[in-house]
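Note sheet for the following structure.
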Amino acid sequence: SGAFSDVLVYLDRHEQAIDYLIDHIARIKDDPWGFYRLGRAQQAAGKPVAEWQNTFGRARDLLRNAGPASAEDATSFALLALVHTRVGAFKEAAVALSRAQKIAPDDPDVLYAAARMYSLQRNKEQALVFMTKALERRYALERVLDMDFYNLWSDEQFVEAVRR
């Protein structure tokens with residue numbers, strides 16, 4: 001659901017992306033990634049703050065209430081870092097990312113999430129550090145094209161890191 005909804009947003013078809021993601025969430029009610037993607041599509045569409053904050057809150061709640069199964073799940077903490085970043089809670093994002101890195105410091109999913117988090121926080125240097133590390137472990141074009149990197153796509157250093 002991620003790549004398709006991103007493409008719809010890139011094409012300025014925000015409402016279609018939102019409808020698609022709402023349908024996805026209706027089928028898979030406990031998918032925190034679905035709620036994250038919906039929240040960022042709502043942000044990109046210029047929806048009211050309360051609307052997308054509620055959506056990100058649902059993703060956060062799903063991640064926090066997942067129980068013991070996710071207590072050591074690095075990707076859940078990495079997603080939580082992204083959720084916190086999207087609502088401007090950068091300190092909480094740093095704590096969640098630190099937890100993810102402690103569990104799986106070399107996991108490509110965690111490294112890409114760290115790069116995305118720093119990109120969203122407009123910390124280009126850290127975003128590039130983590131992007132480079134992620135690319136060294138596993139080059140994933142769909143990750144590079146993720147809309148969380150939108151503000152870096154035209155940056156020469158970002159393009160150079162991706163070309164390697």
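From a predicted model like this one, the values you see are computed outputs, not experimental measurements.
Qualifying side-chain contact (heavy atoms from CB on, under 4.5 Å) partners for L145, counting only residues two or more places apart in sequence or in other chains: L141.
At most 12 heavy atoms of other shown residues, nucleotides or ligands fall within 6.0 angstrom of atom OH in Y150. Around CZ of R163, the count of heavy atoms belonging to other residues, nucleotides or ligands within 6.0 Å does not exceed 12. No more than 12 heavy atoms of other residues, nucleotides or ligands shown are found within 6.0 angstrom of CD on E156.
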* Asked: Can you list the steps and then say if Q43 with V49 is a side chain to side chain contact (heavy atoms under 4.5 Å, CB included)?
  -> CA-CA 8 Å; Q43 279 183 322; V49 172; over 6 Å; no
* To do: Using the side chain to side chain contact (heavy atoms under 4.5 Å, CB included) rule, take L135 and V144 through it: C-alpha gap first, then chi angles, then the decisive distance, then the call.
  => CA-CA 9 Å; L135 291 168; V144 172; 3.8 Å; yes
* **Working for side-chain hydrogen bond (donor to acceptor under 3.5 Å, both in side chains), residues Y112 and D107** => CA-CA 9 Å; Y112 278 112; D107 184 278; over 6 Å; no
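A salt bridge does not link D6 with R37: every distance from a Lys NZ or Arg NE/NH1/NH2 to an Asp or Glu carboxylate oxygen is 4.0 Å or more. Ionic pairing of K133 and D106 is not present here: no N-O contact between side-chain nitrogen and carboxylate oxygen is shorter than 4.0 angstrom.
Relative ring orientation between Y20 and H24 is described as parallel, the plane-to-plane angle staying below 30° on a 0-90° scale split at 30° and 60°. Ring planes of Y36 and F56: tilted class, angle from 30 to 60°.
Atoms CD and NE2, on Q121 and H84 in that order, are 11.5 Å from each other to the nearest 0.5 Å. Taking CG from D109 and OG1 from T75, the interatomic distance works out to 6.5 Å, rounded to the nearest 0.5 Å.
In this structure, W52 has its ring center at least 6.0 angstrom away from the ring center of F35.
Listed by first then second residue, pairs satisfying salt bridge (Lys or Arg N to Asp or Glu O under 4.0 Å) with a partner in residues 13-22 read E15-K47, not counting sequence neighbours.
The shortest side-chain heavy-atom distance between L21 and S5 falls under the 4.5 Å cut-off. Residues L97 and F77 form no side-chain contact, since every pair of their non-hydrogen atoms from C-beta on lies 4.5 Å or further apart.
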